[in-house]
Amino acid sequence: HEIQPQGNRLGSLEPSRAVYAGCRRLGLNVDFVFSDSEMDGYKIIVLPSVPVISDATWENLKSSNAIIFATALTGSRTIDGHIPPGLAPGPLAVDLGLRVAQLETLPPFEKVGVRIEREEHFAERWRETITTRSEVRGLFADESPALIRNGKFQYLACWPGERLMSELIRRLCEEAAIDCRDLGED
């Protein structure tokens, strides 16, 4: 943490809490499931910066009919804590159609612009530089890919600010034909 002191403020449960809060703000029920759980009953599965995704877990997720949405850092480590062969996102790379070339931890005062369908949002905490062959659905301010889609798989190459998180969850619900409504702040 001496090299990148801004990393001290990032707990491993924070991404899950942020996704949970975003879903609940839209009136959605949320299940936390084990990687080997049955996934067939879900329309959307969110992987909030889950660094270790085994091949078996990924196969389980792929076999579901759900939209699979992952955020930055997902698949960035092996079960042994190493960087995966071929770099992140490890076993997700082929299905997502992307490779992470660089990960940047952002200081608390820095926010990076993200544009999705003419709407301006902000990323915070992490930002990845990716190469992709997939459909680009959102761009960073520097015009590099921020949000991609390849079939039922979607990937956000950053950690979204609260407003962007809510918007992305709302869009996922729309695609999956799930009713949601903005309940506002807790």
Side-chain angles (χ1 to χ4, degrees), residues 10-100 103 116 125-126 128 130 132-135 137-138 146-160 162 164-183 186:
L10 305 174
S12 60
L13 292 179
E14 180 59 23
S16 295
R17 190 213 61 77
V19 169
Y20 176 81
C23 289
R24 295 301 298 147
R25 223 179 341 277
L26 292 173
L28 301 172
N29 291 323
V30 178
D31 291 338
F32 290 87
V33 298
F34 291 103
S35 59
D36 61 351
S37 297
E38 180 64 41
M39 305 287 178
D40 280 347
Y42 298 99
K43 292 183 178 182
I44 300 169
I45 298 172
V46 179
L47 303 172
S49 300
V50 180
V52 178
I53 303 285
S54 69
D55 290 337
T57 298
W58 188 239
E59 289 303 318
N60 189 28
L61 291 165
K62 285 178 10 178
S63 70
S64 77
N65 293 320
I67 296 168
I68 309 294
F69 178 72
T71 63
L73 295 176
T74 298
S76 63
R77 293 286 181 261
T78 66
I79 194 98
D80 299 320
H82 299 130
I83 295 171
L87 301 175
L92 293 70
V94 171
D95 295 301
L96 289 171
L98 71 86
R99 183 177 150 278
V100 176
L103 168 68
I116 300 173
R125 299 182 183 179
W126 303 298
E128 294 173 332
I130 63 172
T132 186
R133 59 176 170 69
S134 298
E135 173 191 358
R137 302 183 88 193
L147 176 65
I148 63 96
R149 178 185 186 138
N150 191 18
K152 71 176 191 173
F153 306 104
Q154 297 186 38
Y155 189 86
L156 182 67
C158 62
W159 185 252
E162 193 172 301
L164 177 54
M165 176 68 78
S166 292
E167 178 60 18
L168 290 170
I169 293 169
R170 186 195 64 71
R171 288 171 184 258
L172 289 168
C173 288
E174 190 174 285
E175 285 182 47
I178 297 173
D179 291 331
C180 63
R181 61 195 175 287
D182 192 346
L183 301 176
D186 289 336

> Among all residues two or more places apart in sequence or in another chain, which pass the side-chain hydrogen bond (donor to acceptor under 3.5 Å, both in side chains) test with Thr71?
Replying inline: Ser49
> Taking only residues two or more places apart in sequence or in another chain, which ones pass salt bridge (charged side-chain N to carboxylate O under 4.0 Å, His left out) with Lys43?
Replying inline: none
>> For Arg149, give me all partners under salt bridge (charged side-chain N to carboxylate O under 4.0 Å, His left out), at least two apart in sequence or on another chain.
In response: Glu175
> Among all residues two or more places apart in sequence or in another chain, which pass the side chain to side chain contact (heavy atoms under 4.5 Å, CB included) test with Val94?
Replying inline: Arg133
> Can you name the side chain to side chain contact (heavy atoms under 4.5 Å, CB included) partners of Ala93, sequence neighbours left out?
Replying inline: Pro89
> Taking only residues at least two apart or on different chains, which pairs with a member in residues 66-77 satisfy salt bridge (Lys or Arg N to Asp or Glu O under 4.0 Å)?
Replying inline: none
> Taking the inter-plane angle between the rings of Phe153 and Trp58 on a 0 to 90° scale, is it parallel (under 30°), tilted (30 to 60°) or perpendicular (over 60°)?
Replying inline: tilted
> Are the side chain of Asn60 and the backbone of Ser35 linked by a donor-acceptor contact shorter than 3.5 Å?
Replying inline: yes
>> Could you work out, with side-chain hydrogen bond (donor to acceptor under 3.5 Å, both in side chains) as the rule, every residue matching Asp31, not counting sequence neighbours?
In response: Tyr42
>> Which heavy atom of Ala72 sits nearest to which heavy atom of Ala157, and what is that distance?
In response: CB-C, 3.9 Å
> What residues, two or more places apart in sequence or in another chain, satisfy side-chain hydrogen bond (donor to acceptor under 3.5 Å, both in side chains) together with Asn150?
Replying inline: none
> What is the minimum heavy-atom distance between Pro15 and Pro48, and which atoms define it?
Replying inline: CB-O, 3.3 Å
> Under the side chain to side chain contact (heavy atoms under 4.5 Å, CB included) test, which residues partner Arg17, sequence neighbours left out?
Replying inline: Glu14, Ala21
> Checking side-chain contact (heavy atoms from CB on, under 4.5 Å) for the pair Ile116/Leu168: CA distance, chi angles, key distance, verdict?
Replying inline: CA-CA 9 Å; Ile116 300 173; Leu168 290 170; 3.8 Å; yes
> With a 4.5 Å heavy-atom cut-off, do Ile169 and Arg25 have their side chains touching?
Replying inline: no
> Side chains of Ile79 and Val52: closer than 4.5 Å at any heavy-atom pair?
Replying inline: yes
> What residues, two or more places apart in sequence or in another chain, satisfy side-chain hydrogen bond (donor to acceptor under 3.5 Å, both in side chains) together with Ser54?
Replying inline: Thr57
> Rounded to the nearest 0.5 Å, how far does SG of Cys158 lie from CZ of Arg125?
Replying inline: 12.0 Å
> In chain order, what residues pass the side chain to side chain contact (heavy atoms under 4.5 Å, CB included) check against Ser76, with sequence neighbours excluded?
Replying inline: Pro51, Leu73, Ala88
>> Main chain of Gly22, side chain of Ser166: is a donor-acceptor contact present, judged purely on distance under 3.5 Å?
In response: no
>> Less than 4.5 Å apart, side chain to side chain, heavy atoms only: is that true for Arg170 and Cys180?
In response: yes
> From Lys152 NZ over to Phe69 CZ, what is the distance, rounded to the nearest 0.5 angstrom?
Replying inline: 15.5 Å
>> With a 6.0 Å cut-off (strictly less than), is the heavy-atom count around CZ of Phe34, excluding the residue itself, greater than 12?
In response: no
>> Can you tell me how far apart CD1 (Ile68) and CG (Leu61) are? Round to the nearest 0.5 Å.
In response: 5.0 Å
> Could you state the interatomic distance from CD1 (Ile53) to OG1 (Thr78), rounded to the nearest 0.5 Å?
Replying inline: 12.5 Å
> Which value, rounded to the nearest 0.5 Å, describes the distance between Ile148 atom CD1 and Leu98 atom CG?
Replying inline: 5.0 Å
> Going by the salt bridge (Lys or Arg N to Asp or Glu O under 4.0 Å) test, which pairs reach into residues 49-58, not counting sequence neighbours?
Replying inline: none
> Between CG of Asp95 and OH of Tyr155, what distance do you get to the nearest 0.5 Å?
Replying inline: 14.0 Å
>> Taking the side chain as everything from C-beta on, heavy atoms only, tell me whether Cys173 gets closer than 4.5 Å to Ile44.
In response: yes
>> Tell me whether the count of non-hydrogen atoms from other residues, nucleotides or ligands lying under 6.0 Å of CG in Asp36 goes above 12.
In response: yes
